[in-house]
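Both counts, for ligands and for their atoms, begin at 1 and track the order of listing.
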Amino acid sequence: MKKKDKNRIRIFDTTLRDGEQSPGASLDHREKLEIAQQLAALGVDVIEAGFPIASPGDFAAVNAIAQKVKGPSVCGLARCVNADIERCAEAVAPAKKPRIHVFLATSAIHRKFKLRKARAEIIKQAVASVTYARKFCKDVEFSPEDASRTESDFLAQVVEAAIDAGAGTINIPDTVGYSVPEEFGAVIARLYDSVPNIDDAVISVHCHNDLGLAVSNSLAAAVSGARQIECTINGLGERAGNAALEEIVMALKTRSDQFDDLYTGINLKKIVPVSRLVSRLTGMPVQRNKAIVGANAFSHSSGVHQDGVIKKRATYEIIDPADVGLHDGAELVLSKLSGKNGLRQALTRVGISLNDDELASAYERFIALADKKKVVYDDDLIMIASEQMEDTHNLYTLDYLHVSAGTGTVPTATVRVCKGDELLQDAACGDGPVDAALKTIDRLTEVQGRLIDFSLQAVTIGKDAMGEVSLRVAFGDSVVSAKAASTDIVEAGAKAYLSCVNRHLCKQSEADETAAQLRKATRKKATRKKAVRKRAAVKPSAKKKAPARKRK
Ligand code: KIV
Ligand code: ZN
């Protein structure tokens, strides 16, 4: 029997907006588009693609996603400010299903210290902004920021007013991750009891993970009637992150008996590939023991457990790993004898599409790897393809690396990088081969990074596995992350570092562009003011002349 639509939970993915607010997780335009395409294939209902007023880069990414990504609604975030709403409306306009998401803080602490506004002013501003957003777009979502710490009577008033003004979705955020499940479920239940027009909107929730309760709070809210859950891949997000999409979806699926038969439209087999892609492009590693998508999520190490799983999988496994797109030995598909078409097919299976030029260079990398490794796994392919996509668009790429290191040797690196058509080469000594390589890259690129984090993980199994290096690097105040993999871990470190340099330079040029636009806007404003002053200066003399005319 087909389940009733009233049980369907809409998945609102905010990886590209709140997720990108994770410190160090910046994504460029092309990476956002790639993730958005995969989110569409994953089957999310709404993609929150960014905050268009924040920067020209954010605007361009939201706009490109609105133009190119088919399937989900494409949403942009805006404060309750007309300029934000106009910019957001322009960015999402090309989408088949555009949405504007406006937010305004409502809790006493935010009203008093951040906004310095009384309750009545907040309601007035929320209503004005929802009304204004509706002029551009019929799908408007409103979020009373810090809703979970807002007085319940006031929250109900704001929600009722926003629905009256035309908001079709009301999102209740636990902005600071302060709530606990029973309490948060009760917030939603109270709204259903006290807001007369509540049935005219979809109630959504957006939970942060400061107490590790984001998923539990979201599920409790769903039981109380929420029908949209905002979440991110791998739980990325501001501070401790947001509710993890994969955990929400799999909890609803696995324990539907406990969750009133609620269900989502997510294509489960895409969960692991999308998680890997997001981790790779954001440079944010997934902890090994992370539920559903961690490397250990389906590993059994104790003898008793292994024995049980061999006899009957369900003794210790509540989810079949293949259901979430995790392949076992069967994933091993390619060898150095495989052709380009085989590679294309295998990449398609893991959710990656490359154009012909990208495929040609990815194939070269694949052959080089297949020469070194006996077996090539899906994860190896994902690495090759994403490095390929990165290199196509980056300012610097690694062309050559030689290190000499060992007991009693001064570690030295010689590095050659391509910068467009130029080849730059230099050498330096360091505290070890990695340090020497990174110091040489600093000299070549003339930017000075400070390494904050360096972690190494084997991508696949075996002594010949690719080593994946994840780095966090500070360039002044700006922190960026990146990952790279190679069977040579010094090379992986050098590539990841170069990726960080590229990301930093990209961010910097975006900031320069914003500053230039601001300067242009300020100049325009000044010219307008000058013109107004000129007109004002002309008026009195015109007035003076008038009586003279009268006298005539
Ligand atoms: O956490 C939050 O309150 C938000 C809002 C913009 C929805 O991210
Ligand atoms: Zn948030």
Side-chain angles (χ1 to χ4, degrees), residues 10-23 25 44-54 58 62 73-81 84-85 87-88 91-92 99-111 113-115 122 125-126 129-130 133 139-150 154-155 158-159 162 167-179 184 187-188 191 201-215 217-218 221 226-245 248 282 284:
R10 291 164 180 80
I11 294 294
F12 175 115
D13 182 280
T14 183
T15 306
L16 297 176
R17 199 278 298 167
D18 212 320
E20 212 222 358
Q21 288 173 219
S22 306
V44 306
D45 297 279
V46 186
I47 295 175
E48 187 164 50
F51 192 2
I53 194 92
D58 249 49
V62 176
S73 301
V74 177
C75 172
L77 185 68
R79 289 167 299 184
C80 280
V81 169
D84 278 38
I85 295 167
R87 192 83 174 131
C88 183
V92 297
R99 177 181 290 191
I100 298 178
H101 176 189
V102 288
F103 73 101
L104 180 64
T106 50
S107 64
I109 186 167
H110 280 241
R111 292 195 314 261
F113 295 102
K114 189 177 88 175
L115 301 174
I122 297 286
Q125 191 176 345
S129 292
V130 171
D139 186 359
V140 172
E141 170 170 331
F142 173 73
S143 286
E145 191 192 7
D146 205 17
S148 55
R149 293 194 299 171
T150 300
F154 182 54
L155 183 63
V158 177
V159 168
T169 303
I170 297 289
N171 178 45
I172 305 298
D174 182 24
T175 301
V176 289
Y178 182 70
S179 233
F184 195 60
V187 169
I188 304 301
L191 287 175
V202 172
I203 299 302
S204 165
V205 287
H206 173 114
C207 297
H208 279 271
N209 207 28
D210 300 66
L211 294 174
L213 294 170
V215 169
N217 286 340
S218 307
R227 286 296 176 266
Q228 174 178 285
I229 297 181
E230 303 199 354
C231 45
T232 56
I233 302 292
N234 301 336
L236 289 181
E238 189 79 52
R239 305 182 308 278
N242 287 72
L245 178 147
I248 301 275
T282 55
M284 303 285 281

Nearest atoms (heavy-atom pairs only) where [X] meets [Y]:
X: Ala201; Y: Ala167; result: CB-O, 3.9 Å
X: Val74; Y: Val62; result: CG1-O, 4.4 Å
X: Ile122; Y: Leu104; result: O-CD2, 3.5 Å
X: Leu77; Y: Phe51; result: O-CD1, 3.2 Å
X: Pro52; Y: Gly76; result: CD-CA, 4.2 Å

Is a donor from one side chain sitting under 3.5 angstrom from an acceptor on the other, for [X] and [Y]?
X: Asn171; Y: Ser143; answer: yes
X: Thr175; Y: Asp146; answer: no
X: Thr169; Y: Glu141; answer: no
X: Ser179; Y: Ser148; answer: no
X: Asn217; Y: His208; answer: no

- Item | Nitrogen or oxygen atoms of Ser143 and ligand 1 under 3.5 Å apart |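 No; every N/O pair is 3.5 Å or more apart.
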- Item | N or O contact, Glu145 vs ligand 1, cut-off under 3.5 Å |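 Looking only at distances, the answer is no, because the N/O contact criterion of under 3.5 Å is not met.
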Which atoms of ligand 1 are found less than 4.0 Å from any heavy atom of [X]?
X: Asp18; value: 8 (O)
X: Thr175; value: 1 (O), 2 (C), 3 (O)
X: His208; value: 1 (O)
X: Asn171; value: 7 (C)

- Item | Distance from atom 5 (C) of ligand 1 to nearest protein heavy atom, with residue and atom |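 Atom 5 (C) of ligand 1 sits closest to the protein heavy atom Arg17 NH2, 4.0 Å.
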- Message: Taking a cutoff of less than 4.0 Å between a non-hydrogen atom of the residue and any ligand atom, is Glu230 in contact with ligand 1?
- Response: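 It does not, in that no heavy atom of Glu230 comes within the 4.0 Å cut-off of ligand 1.
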- Item | Part of Gln21 with heavy atoms under 4.0 Å of ligand 1, whether side chain, backbone, both or neither |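 Neither; nothing of Gln21 gets under 4.0 Å from ligand 1.
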- Task: Would you tell me which option among Arg239, Arg79, His206, Glu238 has the nearest heavy-atom contact to atom 4 (C) of ligand 1?
- Result: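 The nearest heavy atom belongs to His206.
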- Message: Evaluate Arg10 against Asp45 for salt bridge (charged side-chain N to carboxylate O under 4.0 Å, His left out), listing each step before the verdict.
- Response: CA-CA 6 Å; Arg10 291 164 180 80; Asp45 297 279; over 6 Å; no
- Which protein N, O or S atoms lie under 2.8 Å from the Zn ion (ligand 2), given by chain and residue number?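 Per the 2.8 Å query on the Zn ion (ligand 2), atoms found are Asp18 OD2, His206 NE2, His208 NE2.
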